[in-house]
Every structure is written in C-alpha cells, then in structure tokens.
Amino acid sequence: MEASSSGITNGKNKVFHAVAKDVNILFDELEAVNSPCKDDDSLLHPGNLTSTSEDTSRLEAGGETVRERNKSNGLYFRDGKCRIDYILVYRKSNPQTEKREVFERNIRAEGLQMEKESSLINSDIIFVKLHAPWEVLGRYAEQMNVRMPFRRKIYYLPRRYKFMSRIDKQISRFRRWLPKKPMRLDKETLPDLEENDCYTAPFSQQRIHHFIIHNKDTFFNNATRSRIVHHILQRIKYEEGKNKIGLNRLLTNGSYEAAFPLHEGSYRSKNSIKTHGAVNHRHLLYECWASWGVWYKYQPLDLVRRYFGEKIGLYFAWLGWYTGMLFPAAFIGLFVFLYGVTTLDHCQVSKEVCQATDIIMCPVCDKYCPFMRLSDSCVYAKVTHLFDNGATVFFAVFMAVWATVFLEFWKRRRAVIAYDWDLIDWEEEEEEIRPQFEAKYSKKERMNPISGKPEPYQAFTDKCSRLIVSASGIFFMICVVIAAVFGIVIYRVVTVSTFAAFKWALIRNNSQVATTGTAVCINFCIIMLLNVLYEKVALLLTNLEQPRTESEWENSFTLKMFLFQFVNLNSSTFYIAFFLGRFTGHPGAYLRLINRWRLEECHPSGCLIDLCMQMGIIMVLKQTWNNFMELGYPLIQNWWTRRKVRQEHGTERKINFPQWEKDYNLQPMNAYGLFDEYLEMILQFGFTTIFVAAFPLAPLLALLNNIIEIRLDAYKFVTQWRRPLASRAKDIGIWYGILEGIGILSVITNAFVIAITSDFIPRLVYAYKYGPCAGQGEAGQKCMVGYVNASLSVFRISDFENRSEPESDGSEFSGTPLKYCRYRDYRDPPHSLAPYGYTLQFWHVLAARLAFIIVFEHLVFCIKHLISYLIPDLPKDLRDRMRREKYLIQEMMYEAELERLQKERKERKKNGKAHHNEWP
C-alpha cells in the first residue's frame with residue numbers, strides 16, 4: 001500500500017478530516033484527533049514557542065512581534081523564523097581553517113542552514129548556528145526510523161463482572177474522602193503536565209497524511225531535531241579520504257572547540273508557573289523536577305525523556321526505582337536496629353560483660369597496653385548488640401531476597417518504560433569504527449558481514465596479546481590496593497601501642513577505637529587519591545586494548561573502573577570483616593608481621609564494632625564528597641566564569657547575552673557520559689547489600705542520600721551543564737550485569753559475616769550444647785548465662801614473651817601482681833596436658849560456622865532463583881496492550897489506505913480514466 005503524492009499536497013484541514021473519520025469508524029467516539037501528544041511542543045506556554053495551526057491567522061497578524069521576540073531570546077536566527085537546532089564553536093586563531101571550510105560547505109550541501117555570530121566576550125570565539133528545514137528533517141527522520149505520533153491511544157478495558165464493578169464504585173467513593181497523593185505532580189495547577197499517549201510509527205514522507213501534524217515547526221521536538229542534525233554532522237566529510245568524516249574527529253583534532261544543542265531559554269521566570277504556565281521545557285523541568293520544593297514528589301520521567309533523551313531518562317528512572325525500593329529495606333534495617341535498642345536491657349551477654357568487674361583481660365598490644373577489666377568494654381558490648389542481635393540473620397536473608405526482587409521488578413519496570421517510550425522494537429544502528437582503531441589497523445581490511453563493505457581488521461593474536469597486557473595491568477593495580485591495605489594494617493598495629501601510651505586519658509583508655517577511627521579516615525584519603533590514579537590507568541589500558549567501537553570502549557572502561565574502585569573501596573572492609581583478629585595467635589605465641597609487629601586483635605566485645613565504624617565513616621564521607629564534586633564543583637566553576645565576565649565587561653552586558661553564549665559558559669557534560677552517576681550508585685548498592693548484616697542502617701543512609709541525589713543530579717542537568725545530546729538506549733547496559741554480580745557476592749559475604757565476624761554461631765552453639773539449657777532444645781536469654789566466661793580462655797602471665805610483657809604487673813586491680821589474665825579464644829588452660837591447645841568447643845563452633853555458611857547460601861540462592869522464575873520479565877497487562885496495539889495499528893493503516901484508494905477510484909471515474917481489474 002503506497003501513498004500517492006496527492007495525499008501530501010492536500011490541505012491540512014482535508015487530511016485531518018480524513019484521519020478523524022478513520023478513527024470514528026474504528027473506535028466509535030474518539031474525540032479530537034488534533035489533541036496534543038506527549039512529543040508535541042505545543043503543550044507549553046506559548047511564550048517562546050511557534051504557534052499551532054489553530055493560531056495561524058493570529059500569527060500572521062502579529063508576525064513581526066513574534067519574530068522580534070524570537071530574535072531577543074537567542075533561540076532563533078536573525079530573521080526570527082529559523083530555530084537554532086545545533087551550535088558549533090571554534091576560534092578564529094585555530095589553524096584548522098581549511099578543514100572547517102570544507103566541512104561547512106558540505107553542511108550547506110546537505111540542506112542545513114547556517115549562520116555565524118561572534119562572541120560578545122571574546123571576538124576570537126565564533127558560534128556557528130545550524131537549522132534543519134522541514135525537508136531535511138523529514139528525509140533523515142525517515143532514514144533514522146524516528147517514530148512519530150499518528151493516533152491517540154485508546155486503552156482496552158476488559159469486561160468485568162457486576163460484582164467487581166460495584167466494589168470499584170464503593171472504593172472510588174471512599175477514595176474521595178482521602179487526601180490526594182502528595183507525591184504525585186499536580187496536573188490541575190500545572191496544565192503543561194497533561195499528556196496524552198499516542199500510537200507511533202516510523203516516519204515516512206510517503207505516508208505523511210497518517211501523522212498528526214499541527215505545525216511543521218513543532219512536529220519534531222527540539223531533542224529530536226538536535227539528534228537528527230547531529231546524525232547529519234557525523235556523516236559529513238571535511239577532507240578527501242575514506243576516514244576523513246564526522247564531527248567527532250573535528251572535535252578531537254581541535255578544529256571545533258565545542259558542539260552542543262541549546263537549552264530552551266532560561267530556567268527561571270518572574271511569573272508563577274501555576275498562574276502563567278511554563279515559559280519553556282527547561283523552566284517546566286526546573287519547577288517540577290529540579291527544585292528542592294518538590295523533593296518528595298515523583299519524577300516527571302516523560303518530561304525528562306522529552307528534553308534529555310531516552311538514555312538520561314532511563315538513568316533517572318532506574319535511580320528513582322532504586323530509591324523507591326530502598327524504602328522497605330531501610331524500614332526493616334531501622335526495625336532491626338530498634339529491636340536491638342529495645343532488647344538491650346534484656347541481653348544476657350551485655351549484662352555479663354558490664355558486670356564482669358573481676359575478669360581481667362590481657363593487654364591488646366606489646367608493653368604499653370595495660371591490663372583492663374572486661375567491664376570497661378560495657379559500652380562497646382551494648383553498641384555491638386544494636387547491630388548483632390537475633391534479627392540480624394533475618395535481615396541478611398531479607399536483603400539477599402530484596403536484591404533479587406529489586407532487579408526482577410526493574411526488568412518489568414524497564415519493559416513498561418520501553419513500551420511507553422517506543423523502545424521495544426528499537427535497535428541500535430551499526431556503530432561507526434573508532435578513529436583510533438582505523439588509524440591503527442587501516443592496512444589490514446576484511447569485509448563487514450553486515451554492511452558488506454571493507455573495514456579495518458585486528459588480528460586475533462594482536463587482540464589476545466593486548467588483552468593479556470591489560471589483564472596484567474589490572475592485576476598489578478589490584479596488588480597496589482592490597483599493598484595500601486597492608487600499609488593500613490601496619491599503621492593500626494603501630495598506632496595502637498602509641499595511643500595506649502598517650503598522655504590524654506580519653507585516647508589512652510580508648511586506644512583501639514581511636515586507632516580504628518584514624519585508620520578509616522586515612523584509608524578514605526588513600527581511596528580518593530588512588531581513584532584518580534585508577535582513572536588514568538583504566539583509560540590507558542582501555543586504549544591499549546584498541547576496542548573497535550565506542551560501545552565496546554565504554555563497556556571495557558566501565559568494567560575496569562568498577563573493578564578498580566570496588567576493590568579500592570572494599571578491600572579494607574574485607575580485611576576487617578574476615579581477617580582482623582583471626583590470625584593473631586595467642587598470648588605467649590603471637591603471630592607477627594616481618595617478625596616484628598604483633599598483629600592487631602579484636603576488641604574484647606568483638607570485631608563487629610570495627611566493621612560498623614569502617615562502613616559508617618566510609619559511606620558518609622564518600623557520599624558527602626561525591627555530592628560536593630557533582631554539584632559544588634560545577635557551581636564554583638560557573639560562578640568563577642560569571643565573575644570574570646562581570647569584571648571584564650560589567651554586570652549589565654550579562655543580561656543581553658544570547659542563549660548560545662550562556663550555554664557555552666556552562667560546564668560540558670562529563671566526557672564519560674553517565675558513567676560517574678552510575679558508578680556512584682552501583683558502589684553504594686554494593687555497600688548496601690554486601691556487608692549489610694554488620695550495618696543494618698546502610699539502606700537508611702543510602703535512602704537519605706538518594707533522595708538528595710535525585711534533586712542534585714536534576715539541578716545539575718537543568719542549570720549547571722550544557723544540554724547533552726538526546727540519545728536513545730533500551731536499558732542501563734553493562735551495569736545490570738554488574739548489579740547481578742553484586743547480588744550474588746552479597747549472599748556469600750553476608751553468610752561469612754554472620755558465621756565468622758558476628759558471635760551469632762558461638763552463642764547458638766553454647767545455648768544448645770554447653771549452656772544451662774543444653775539438650776533441652778531452647779535458646780532464650782536464660783540459656784546464655786555463663787556465655788562470656790565460656791568464651792574466654794585463661795593465660796598465665798609468666799608465660800609472656802619478653803617483648804610482649806607489659807610494663808604494669810596489674811597490681812592496681814587487687815593490690816598484688818596478677819598471675820592470670822583472660823583472652824577471647826577457645827583454648828585449654830596453662831595447667832592442662834596440652835597447654836593452650838584448642839578445646840572441643842572450638843571445633844564445635846567451627847563446624848557450626850561452616851554448616852551455617854553452606855545452608856545459608858544454598859537456601860538464599862534457592863529463594864533467589866525461585867523468585868526470578870516466578871516473576872515474569874514482561875507484565876501480563878503490558879503484553880496484552882502490545883498485542884492489541886499491533887492489531888489496532890494494522891487495522892488503522894488498512895482502513896486509511898482503503899479509504900484513500902477508494903477516493904482515487906472515484907476521482908478516476910469522474911475524469912473518465914477507470915481501469916479494469918482494479919482493487920478494491
């Protein structure tokens with residue numbers, strides 16, 4: 001079914017009348033096909049926009065006024081008619097003049113209109129304004145398969161039973177008495193948010209009469225226009241030669257300094273958006289998304305997608321979904337913490353620790369550390385109970401299941417978004433080869449199996465050798481991380497003795513806590529410094545691999561950066577969780593580093609308090625630093641630029657700057673796109689899940705940070721950055737696989753944290769095997785009587801090594817020198833047949849720990865896989881909608897073509913040109 005050219009040349013009213021008729025036949029009572037769709041700019045306040053077809057006569061009457069206003073806002077050419085779709089910036093002093101001239105000559109040959117303007121600040125800077133006429137937009141939109149609206153959607157409602165209908169009526173009546181949902185955007189006071197879904201189809205000039213075209217100037221929205229112009233610029237030659245093509249190469253060699261689409265005017269207005277409407281899309285986004293006053297409301301994702309494109313829209317959709325899913329995790333984590341607070345007074349273990357004034361603990365370091373009463377660690381025992389209590393195991397299982405549910409439901413949410421944004425059938429175009437790859441392997445060529453054209457080829461041996469070198473570099477950098485952790489370990493070992501001999505009593509009495517706190521802060525500084533180094537190394541190794549396309553380069557760089565930063569951020573946490581105090585030996589036979597430094601022991605209350613401090617401090621400092629760098633740094637840079645302009649040219653000239661000058665003075669988007677935003681959230685997801693059994697408040701901290709993060713990122717995109725090029729994407733890419741890997745790792749680490757780091761298993765073994773309730777099948781608080789004494793071993797002070805013997809003899813406790821002290825372990829007393837050998841209880845605890853790890857992992861993995869199997873990736877209602885839409889589109893296209901052919905037949909009969917065997 002081919003459309004004739006006569007259908008295109010007919011008047012607008014005639015075409016739209018036929019469209020309305022078609023829809024009335026199919027859907028009974030469909031109102032006004034000319035209703036605005038979500039991709040139609042006519043939704044906005046008409047301040048800076050071209051009027052719709054209904055206002056044509058009024059536009060002709062006041063055309064001069066509209067043109068003058070368009071000239072002043074900096075979004076149009078000097079004539080006030082042609083809207084600026086793209087900006088190129090170069091310096092006249094740049095020597096690449098010949099390449100630019102050829103490039104710009106070819107731009108005009110493609111049909112793009114061009115206008116140049118010098119900067120008001122620096123006459124050396126030249127702005128090249130580009131505009132794509134309707135003919136060029138139509139031609140390339142058809143080549144790029146840009147989907148455009150052609151019918152309003154009519155949602156199919158299945159028939160329901162009378163009983164269910166009555167229930168729905170009663171529920172709707174009850175809802176009238178309830179307050180409106182505060183998190184939803186107010187569509188009554190903000191009419192610009194009213195959007196109607198439309199059926200879309202790939203644009204075709206032959207079937208142009210099928211599409212809803214109110215006004216050719218606003219049919220393609222600004223983001224789509226910029227994307228089409230960028231597509232054209234990427235395929236224009238600037239020099240003779242096979243590879244001398246594209247804007248990216250000119251930006252790389254410095255021919256152009258910058259290239260960007262324009263923001264749609266100012267994001268502020270003197271008038272209220274509720275009374276006067278939004279001035280432009282940017283103003284609308286600022287008021288209902290980037291403003292701090294709407295921090296509790298849902299994000300207007302359709303507006304974000306319309307302004308910034310699908311790729312950025314998907315990031316904010318994922319971030320919003322992740323933040324929403326953190327609410328139940330944060331609530332359960334807070335419940336676990338509060339459970340620890342409420343049961344603190346009933347905890348038998350902390351009671352025994354606080355009452356153990358007669359139990360003297362051995363020194364935790366050589367010479368300078370004194371003997372101490374076990375009751376001195378009463379506060380730490382109580383704090384440990386807040387995080388390590390009976391609800392911890394349940395919370396660890398919950399978080400492992402939560403991670404799976406989060407990912408599975410994100411698949412469903414992504415499918416709905418992909419359907420709403422017309423991404424279901426979208427496929428990425430065949431990517432261009434990177435210029436670096438072409439330059440390196442231009443001598444070797446082979447046929448591309450898809451395009452059938454010759455292209456540079458990288459030999460398999462060359463690729464393998466480069467991958468081996470890259471893997472070696474990754475291994476070396478991981479060794480650097482391990483060396484940094486080793487340095488922190490030495491610092492902790494040396495410092496604990498120094499703090500134990502400190503003059504201030506507060507530090508001297510809390511030497512282990514002071515050591516841990518300072519070590520964490522130093523570790524954070526090392527982490528931030530190494531991150532800078534890792535970025536350069538990852539860039540070097542990725543370029544060394546010579547990836548073929550930009551997506552391959554991006555995936556390789558992403559994987560390396562994540563691996564480096566993940567290991568850098570979590571290596572010290574792994575050390576504290578699984579190695580601290582595990583291989584120290586025992587008094588009289590301590591294990592030492594380089595036969596000199598005695599390894600650090602855990603606090604008498606356990607190592608969990610050290611792990612909590614490590615996670616809490618790193619998480620808070622990392623998120624604070626990231627938020628400052630994301631928003632504070634661009635704010636300072638933009639402020640400094642404005643200050644220089646005011647000093648050189650005065651404050652009055654800033655008001656008259658055109659939009660391209662204002663945007664040029666903003667900060668460009670990160671060179672790696674959304675990499676930093678995703679990386680920050682993925683690392684946070686790791687912190688939230690991997691060691692959550694040791695720090696149940698991690699989801700709460702992540703939730704509070706993300707509520708701020710969404711508005712910070714929105715404010716940054718709308719106000720501080722140049723407008724990024726709208727690009728399409730179907731999902732979040734390689735990050736989803738990384739999230740799945742973190743989810744699997746979190747199950748393993750939480751199993752080890754509960755079994756090894758916490759005292760959950762030793763307490764369980766004591767309650768069922770050695771406590772007062774042994775053999776009775778009970779494990780309450782009464783069964784824990786005597787647990788503290790059973791978990792401590794006895795050491796004879798005379799058996800100390802010379803270099804470990806403390807300076808104090810312990811006479812300050814009882815008036816006479818101490819003969820014995822206690823330490824955390826399950827060992828025989830010094831007067832037994834095998835002094836300081838492991839007891840039977842040690843082996844029982846070890847066996848129980850290993851059994852718990854195996855049972856926990858298998859149980860949680862079975863639950864995860866069961867949930868993944870039970871939750872379909874595509875919601876049933878969405879599947880039905882997709883099938884029905886496909887059917888309706890076929891019917892509408894068939895009916896429209898049938899009517900057109902019938903009209904052509906009637907016209908031929910009138911003209912006496914009837915043909916035999918004509919269909920229908």
Side-chain angles (χ1 to χ4, degrees), residues 178-185 288-289 292-301 304 314-342 386-387 391-414 416-417 615-616 619-620 622-623 626-627 677-678 680-714 732 735-736 739-740 742-743 746-747 750 860 863-864 867-868 871 875:
L178 297 176
K180 294 182 179 180
K181 294 182 179 180
M183 292 186 293
R184 293 194 180 276
L185 294 166
C288 66
W289 183 47
W292 291 104
V294 295
W295 65 269
Y296 59 93
K297 291 186 178 293
Y298 293 128
Q299 300 182 85
L301 294 177
V304 177
L314 270 173
Y315 163 71
F316 282 103
W318 176 84
L319 180 57
W321 183 256
Y322 171 44
T323 304
M325 289 293 290
L326 279 174
F327 273 97
F331 175 78
I332 300 296
L334 184 61
F335 170 78
V336 171
F337 179 78
L338 294 178
Y339 174 81
V341 173
T342 55
L386 299 179
F387 302 101
T392 303
V393 178
F394 159 75
F395 186 59
V397 176
F398 170 81
M399 287 302 296
V401 174
W402 173 87
T404 302
V405 172
F406 162 65
L407 293 176
E408 291 301 319
F409 276 95
W410 164 247
K411 287 182 185 177
R412 294 165 62 87
R413 174 63 176 158
R414 187 206 65 82
V416 174
I417 293 174
M615 291 188 63
M619 197 170 185
V620 172
K622 187 81 166 60
Q623 292 179 348
N626 286 338
N627 289 336
E677 280 70 25
Y678 272 118
E680 178 188 354
M681 290 295 103
I682 299 299
L683 291 175
Q684 184 205 81
F685 179 80
F687 252 92
T688 306
T689 54
I690 292 178
F691 292 104
V692 74
F695 192 56
L697 293 180
L700 180 62
L701 293 179
L703 174 62
L704 296 176
N705 175 79
N706 286 8
I707 291 174
I708 300 173
E709 179 76 20
I710 290 175
R711 305 305 161 181
L712 279 181
D713 284 347
I732 61 175
W735 295 109
Y736 185 84
L739 286 171
E740 285 187 323
I742 292 176
S746 68
V747 177
N750 282 306
V860 175
I863 295 174
K864 285 169 68 71
I867 292 174
S868 300
I871 300 176

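This structure is a prediction, so every number in the text was calculated from the model and none was measured.
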* **Those residues that, when tested against V341, pass side-chain contact (heavy atoms from CB on, under 4.5 Å) (two or more places apart)** =>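 Partners of V341 by the side-chain contact (heavy atoms from CB on, under 4.5 Å) criterion, ordered by chain and then number, come out as F337, L386.
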* When you look at OH of Y339, are more than 12 heavy atoms from neighbouring residues, nucleotides or ligands closer to it than 6.0 Å? ->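 Check fails, neighbour count at 12 or below.
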* Step by step, work out the side chain to side chain contact (heavy atoms under 4.5 Å, CB included) result for I732 and L739. => CA-CA 11 Å; I732 61 175; L739 286 171; 4.2 Å; yes
Just list the side-chain donor-acceptor pairs under 3.5 Å for residues 326-335, sequence neighbours left out, or say none.
none

* Using ring-ring contact (aromatic ring centres under 6.0 Å, His included) as the criterion, point out the one residue from W321, F316, Y322 that pairs with W318. =>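 Only one option passes, and that is Y322.
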* **side-chain hydrogen bond (donor to acceptor under 3.5 Å, both in side chains) pairs, two or more places apart, involving residues 690-700** =>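 Found none.
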* Give, for atom CG of L319 and atom OH of Y678, the distance between the pair rounded to the nearest 0.5 Å. =>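 L319 CG to Y678 OH: 9.0 Å, rounded to 0.5 Å.
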For residues 690-714, which side-chain donor-acceptor pairs fall under 3.5 Å, sequence neighbours excluded?
from	atom 1	to	atom 2	distance (Å)
N705	OD1	N627	ND2	3.2
N706	OD1	Q684	NE2	2.8
N706	ND2	Q684	OE1	3.3
R711	NH1	W289	O	2.6
R711	NH2	V294	O	3.2
R711	NH2	K297	O	2.7
D713	OD1	K716	NZ	3.3
D713	OD2	Y315	OH	2.9

Give the table of side-chain donor-acceptor pairs shorter than 3.5 Å for residues 392-410, with sequence neighbours excluded, one pair per line with atom names and distance.
from	atom 1	to	atom 2	distance (Å)
T392	OG1	F387	O	2.9
T392	OG1	N389	N	3.0
T392	OG1	N389	O	3.0
W402	NE1	M325	O	2.7
T404	OG1	A400	O	3.4
T404	OG1	K864	NZ	2.5
E408	OE2	S868	OG	3.3

